[in-house]
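Just follow the structure's listing: the first ligand is 1, and inside any ligand the first atom is 1.
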Amino acid sequence: MTTDSIVSMEQETHHLLTLLGVPASQYNSGNLAVHTPLTGEVIAHVPEANTAAATEAITAAHKAFLEWRTVPAPKRGELIRLLGEEFRAALPTLGNLVTIETGKLLSEGFGEVQEMIDICTFAAGLSRQFAGLTVPSERAQHRMMETWHPLGVVGIISAFNFPVAVWSWNAALALVCGDAVVWKPSEKTPLTALAVQALFERAAAKFGGVPHGLSTLLIGDAAVGQQIVDSPLIPLVSATGSTAMGRAVAPKLAERFARAILELGGNNAAIICPSADLDLALRAIAFSAMGTAGQRCTTLRRLIVHESIYPTLIARLKKVFASIVVGDPRKAGTLVGPLIDERSFHAMQAALDEARSSGATITGGERVNPLGDSLAFYVRPALVEISAQTEFVKRETFAPILYVMKYSRFVDALTLHNDVPQGLSSAIFTTNLREAEEFLSVTGSDCGIANVNIGTSGAEIGGAFGGEKETGGGRESGSDAWKQYMRRTTNTINYGHELPLAQGVSFDI
Ligand code: NAD
């Protein structure tokens with residue numbers, strides 16, 4: 001099919017899926033209807049995994065793990081290098097599909113695939129660096145060391161807004177660590193997941209000898225996720241989504257002593273100090289608050305502005321919020337695409353209604369209809385001026401709403417900043433060294449990510465990603481996040497002829 005002959009979103013989607021190697025049987029039949037937020041129309045039907053199929057897949061993954069763990073780590077890294085090559089070759093195709101399925105801008109769709117390529121590069125290098133420690137023993141002719149071993153099957157549950165990158169952050173690390181993976185993507189974005197699975201299979205075929213079931217996809221709703229959470233064959237579950245989801249899965253994992261990486265909701269803030277470079281801050285605020293239509297876990301949701309610069313900044317922000325182009329995310333010039341669905345739109349309107357009745361001043365927030373399609377939900381981002389951080393501000397509403405507050409003393413700005421249940425990402429805009437350092441210090445931001453003169457969103461894969469409090473405490477991607485995907489053993493070796501006991505204990509028989 002040529003681009004000229006494409007007549008509908010459905011056909012375009014099927015064309016991309018074919019290019020990515022997904023068989024038609026995986027998207028043209030089945031119970032799960034997939035909608036594109038661009039127009040709201042149905043673009044595919046996908047079969048869901050039933051309980052028996054999920055059990056079978058988890059058992060196969062466990063068997064695959066038993067084999068894969070014996071493959072030397074640098075060889076496992078070669079599989080991930082090949083996977084990265086598949087992603088590189090598929091970047092525009094998969095990036096387009098991400099845009100169709102999530103509504104994010106093309107540059108963001110492409111950026112998401114770039115992130116997958118980057119984590120594969122990181123993980124391939126990491127496969128030669130799973131170094132343990134050697135520790136001095138208190139006993140003569142003894143040596144102590146730590147060894148890292150593969151852990152088992154890793155369950156991955158992901159959200160709609162990063163439908164493929166989150167899988168790669170987890171899977172690239174898990175696979176080089178010697179684990180198998182079972183993935184339940186969001187039921188709103190199964191098509192990009194099917195494409196990623198097809199690309200994995202291409203890489204696996206090139207590698208040769210990959211055990212059956214090493215990476216499995218289970219499409220379905222929360223019930224399939226629960227099966228992963230409950231399976232004794234899965235020692236680690238990495239779950240990304242709302243805090244409500246985390247609240248449901250965390251106790252179940254704790255009950256069976258499974259490990260959890262929880263990447264949950266955020267309520268991210270930036271403090272704008274009197275000395276801030278306002279041009280730079282304005283650009284950072286615009287991208288962090290309105291990018292991806294406010295549907296990033298790291299989206300900027302609260303702005304805490306010093307009273308001396310408040311009138312200037314708010315005037316400039318109002319102009320930007322009023323003029324930003326909302327529309328088809330595939331068109332050049334568009335900066336804000338659609339919300340994922342109607343539910344999301346109503347949640348946004350409910351939050352704005354609460355703000356309105358509390359006396360807030362609201363600019364924007366209304367529905368716009370750039371494509372003339374009543375099934376799609378495009379909104380103008382909302383700027384909401386508030387006098388106090390009341391309860392509705394403390395909730396994450398997954399939509400482009402920026403609450404703006406004033407402060408006069410820096411210490412009060414920090415208090416406001418931390419006074420929410422979530423703790424994912426944060427930023428300060430200042431050229432004052434003392435303020436910047438205090439923000440990053442023990443008495444500053446309580447978030448997992450704290451930035452200076454950079455917005456809250458758009459993290460790089462090299463750092464550990466995650467947040468505190470109701471954000472769940474998980475860390476994934478770079479730094480030493482890999483350690484969660486392995487088990488550590490401490491070994492003590494006696495190469496002498498005596499048996500001295502630790503702590504000088506004597507036990508002569
Ligand atoms: P969601 O919680 O509705 O769903 C996320 C995933 O969890 C889906 O796959 C869903 O089917 C599954 N799920 C839901 N309930 C479950 C249960 N009881 N047991 C097992 N699985 C269950 O979230 P969403 O609407 O897809 O995504 C938006 C949310 O995700 C926002 O709150 C956002 O902040 C958060 N998010 C967080 C991060 C992060 O890294 N912290 C990244 C992306 C998104």
Side-chain angles (χ1 to χ4, degrees), residues 32 37 48-49 54 101-104 108 112 115 155-170 182-190 192-193 217-231 234 237-253 258 260-268 292-301 339-345 347-348 351 395-401 420-426 447-449 456-459 461 463-477 481:
L32 182 63
E48 291 175 272
E101 208 175 29
T102 63
K104 55 177 76 173
E108 292 176 326
E112 178 155 355
E115 224 171 299
I156 302 168
I157 297 172
S158 57
F160 79 83
N161 66 324
F162 275 89
V164 283
V166 166
W167 174 82
S168 69
W169 295 352
N170 286 283
V182 173
W183 177 24
K184 194 212 87 63
S186 165
E187 51 275 49
K188 293 174 189 169
T189 55
T192 41
L217 179 62
L218 292 175
I219 288 174
D221 59 15
V224 181
Q226 278 157 16
Q227 217 178 323
I228 289 175
V229 167
D230 290 336
S231 171
I234 301 186
V237 175
S238 174
T240 300
S242 58
T243 294
M245 179 276 285
R247 251 190 243 295
V249 309
K252 292 190 173 178
L253 292 169
I261 298 176
L262 297 176
E263 301 282 351
L264 312 175
N267 193 352
N268 317 294
T292 328
Q295 298 170 113
R296 286 190 186 219
C297 52
T298 50
T299 289
L300 179 63
R301 307 203 181 278
L339 293 175
I340 189 72
D341 56 20
E342 183 170 5
R343 208 167 146 218
S344 211
F345 170 72
M348 178 178 182
R395 281 198 315 265
E396 179 198 48
T397 300
F398 213 55
I401 302 177
V420 291
Q422 311 81 355
L424 181 53
S425 187
S426 61
C447 293
I449 298 167
T456 52
S457 64
I461 62 99
F465 181 89
E468 304 299 334
K469 305 193 285 184
E470 287 190 3
T471 303
R475 291 295 185 279
E476 47 189 35
S477 196

Those residues that, when tested against Thr189, pass side chain to side chain contact (heavy atoms under 4.5 Å, CB included) (two or more places apart): Glu101, Thr102, Phe160, Pro163, Ser186, Thr192
Side chain to side chain contact (heavy atoms under 4.5 Å, CB included) with Gln227: which residues, sequence neighbours excluded? Thr51, Ala54, Thr55
Do Thr243 and Gln422 meet the criterion of a side-chain donor-acceptor pair at a distance under 3.5 Å? no
side-chain hydrogen bond (donor to acceptor under 3.5 Å, both in side chains): pairs with one or both residues in residues 464-474, sequence neighbours excluded: Arg247-Glu470, Asp446-Lys469, Glu468-Arg475
What heavy-atom pair brings Ser238 and Asn170 nearest, and what distance separates the two atoms? OG-OD1, 2.8 Å
Below 4.0 Å from any atom of ligand 1, which residues have a heavy atom? Give them in chain and number order, please. Ile157, Ser158, Ala159, Phe160, Asn161, Lys184, Pro185, Ser186, Glu187, Ala222, Gly225, Gln226, Thr240, Gly241, Ser242, Met245, Ala248, Val249, Glu263, Leu264, Gly265, Gly266, Cys297, Glu396, Phe398, Leu424, Phe465
Please check: side-chain N/O of Ser168 versus main-chain N/O of Ala165, any donor-acceptor pairing under 3.5 Å? yes
